[in-house]
S.K.: 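Structure below; questions to follow.
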Amino acid sequence: MPALTPEAVREQLAALPHWTPEPLGDAICRSFLFPDFAHAFGFMAEMALVSEKMDHHPEWSNVYNRVEVRLTTHDVHGLSARDIAWAQRADAAFERRSA
């Protein structure tokens, strides 16, 4: 799987407005804020299953009601289509849990 070009990253991020590229352009980050720990943990559990199915695992952390996520594809030393797909799935999961 090849790394996305800077232009492709910009195009993809246009549809992911809550994700922020890191300065070097090799990762994207987002902070998810939930009502409480149970909601944050439920999101992480759901996304853990997604990660296993995709064989693509985020760098993430959780403090009470906040989940911080950093996505990068280590094999290509940058962003790939897998990062974008994972971000899209995470956004959808967050929206379902926020409704």
Side-chain angles (χ1 to χ4, degrees):
M1 174 170 302
L4 295 174
T5 65
E7 181 179 303
V9 170
R10 280 191 301 278
E11 289 173 8
Q12 295 292 328
L13 286 182
L16 297 167
H18 300 289
W19 291 85
T20 304
E22 288 193 343
L24 295 178
D26 62 341
I28 55 175
C29 301
R30 177 167 180 190
S31 180
F32 294 91
L33 192 61
F34 297 90
D36 55 33
F37 177 76
H39 285 87
F41 191 84
F43 169 80
M44 290 182 77
E46 179 179 346
M47 291 310 299
L49 296 174
V50 168
S51 297
E52 283 297 302
K53 287 180 184 174
M54 291 180 70
D55 192 26
H56 191 59
H57 304 87
E59 297 173 15
W60 61 4
S61 64
N62 165 242
V63 176
Y64 182 59
N65 66 338
R66 189 178 72 246
V67 178
E68 302 286 340
V69 179
R70 180 179 185 270
L71 295 173
T72 189
T73 301
H74 297 285
D75 293 344
V76 301
H77 307 288
L79 290 166
S80 72
R82 294 169 94 185
D83 298 303
I84 301 303
W86 198 98
Q88 291 167 335
R89 297 281 299 269
D91 284 354
F94 179 72
E95 290 303 316
R96 278 194 312 279
R97 293 174 176 280
S98 298

S.K.: Ignoring hydrogens, what is the shortest heavy-atom contact between G42 and R97? Give both atom names and the distance.
M.R.: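 For G42 versus R97, the nearest heavy atoms are O-NH2, 3.2 Å.
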S.K.: Taking all atoms of both residues into account, what is the closest heavy-atom pair of A90 and F43, and its distance?
M.R.: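 So the two residues come closest at O-CE1, 3.5 Å.
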S.K.: Taking all non-hydrogen atoms of both residues into account, name the closest pair between Y64 and P35 and its distance.
M.R.: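 Residues Y64 and P35, closest heavy atoms: OH-O, 4.2 Å.
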S.K.: Going hydrophobic residue to hydrophobic residue with side-chain gaps under 4.5 angstrom, can you get from L33 over to L16?
M.R.: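 Hydrophobic grouping puts L33 apart from L16.
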S.K.: Are any non-hydrogen side-chain atoms of L4 and D83 less than 4.5 angstrom apart?
M.R.: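 Result no, sub-4.5 Å side-chain heavy-atom pair not found.
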S.K.: What is the distance from atom CD of E46 to atom OG of S51, rounded to the nearest 0.5 Å?
M.R.: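 Going from CD on E46 over to OG on S51, the span is 10.5 Å.
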S.K.: Return the CH2 to CD1 distance between W86 and I28, rounded to the nearest 0.5 Å.
M.R.: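 The CH2 atom of W86 sits 9.5 Å away from the CD1 atom of I28.
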S.K.: With a 6.0 Å cut-off on the ring centroids, do F94 and F34 count as close?
M.R.: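 Distance test on ring centres: under 6.0 Å, yes.
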S.K.: Looking at A87, is its backbone amide N or carbonyl O close enough to the side chain of R30 to form a donor-acceptor pair, meaning the two atoms are under 3.5 Å apart?
M.R.: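 No.
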S.K.: At what distance, to the nearest 0.5 angstrom, does CD of E52 lie from CE of M47?
M.R.: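 Taking CD in E52 and CE in M47, the distance rounds to 12.0 Å.
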S.K.: Under a 4.5 Å cut-off applied to non-hydrogen side-chain atoms, are D91 and F32 in contact?
M.R.: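 Yes, side chains in contact.
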S.K.: Tell me the closest heavy-atom pair linking L79 and A27, and the distance in Å.
M.R.: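 L79 and A27 have their closest heavy atoms at CD2-CA, 3.8 Å.
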S.K.: Just do the side-chain contact (heavy atoms from CB on, under 4.5 Å) check on D55 and H57 with the steps written out, would you?
M.R.: CA-CA 7 Å; D55 192 26; H57 304 87; 3.7 Å; yes
S.K.: Using the rule that Ile, Leu, Val, Met, Phe, Trp and Tyr join whenever any side-chain heavy atoms are under 4.5 Å apart, tell me whether M44 and F37 fall into a single cluster.
M.R.: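 Not linked; separate clusters.
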S.K.: So which heavy atom on S80 is nearest to which on P2, and how close?
M.R.: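 Shortest heavy-atom contact: CB-O, 3.8 Å.
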S.K.: Got a second to check how far L24's CG is from H77's NE2, nearest 0.5 Å?
M.R.: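 The distance works out to 13.5 Å.
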S.K.: Restricting to salt bridge (Lys or Arg N to Asp or Glu O under 4.0 Å), what partner residues turn up for D26, sequence neighbours left out?
M.R.: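 Salt bridge (Lys or Arg N to Asp or Glu O under 4.0 Å) list for D26, sorted by chain: empty.
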S.K.: If you count heavy atoms of other groups shown closer than 6.0 angstrom to NE2 of H56, is the number above 12?
M.R.: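 It does: H56 NE2 has more than 12 such atoms within range.
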S.K.: Suppose we screen for salt bridge (Lys or Arg N to Asp or Glu O under 4.0 Å). Which residues come up paired with R82, at least two apart in sequence or across chains?
M.R.: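 R82 satisfies salt bridge (Lys or Arg N to Asp or Glu O under 4.0 Å) with no residue once adjacent residues are dropped.
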S.K.: Who pairs with R70 by salt bridge (Lys or Arg N to Asp or Glu O under 4.0 Å), at least two apart in sequence or on another chain?
M.R.: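 Here the qualifying residues are E22, E59.
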S.K.: Work out which heavy atom in S31 is nearest to a heavy atom in E68; give both atom names and the distance.
M.R.: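 Taking S31 first and E68 second, the nearest heavy atoms are OG-OE2, 2.9 Å.
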S.K.: Between CG of L13 and CD1 of I84, what distance do you get to the nearest 0.5 Å?
M.R.: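 Here the rounded value is 5.5 Å.
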S.K.: If two hydrophobic side chains count as joined below 4.5 Å and joins carry through other members, does V76 share a cluster with L71?
M.R.: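 Different hydrophobic clusters.
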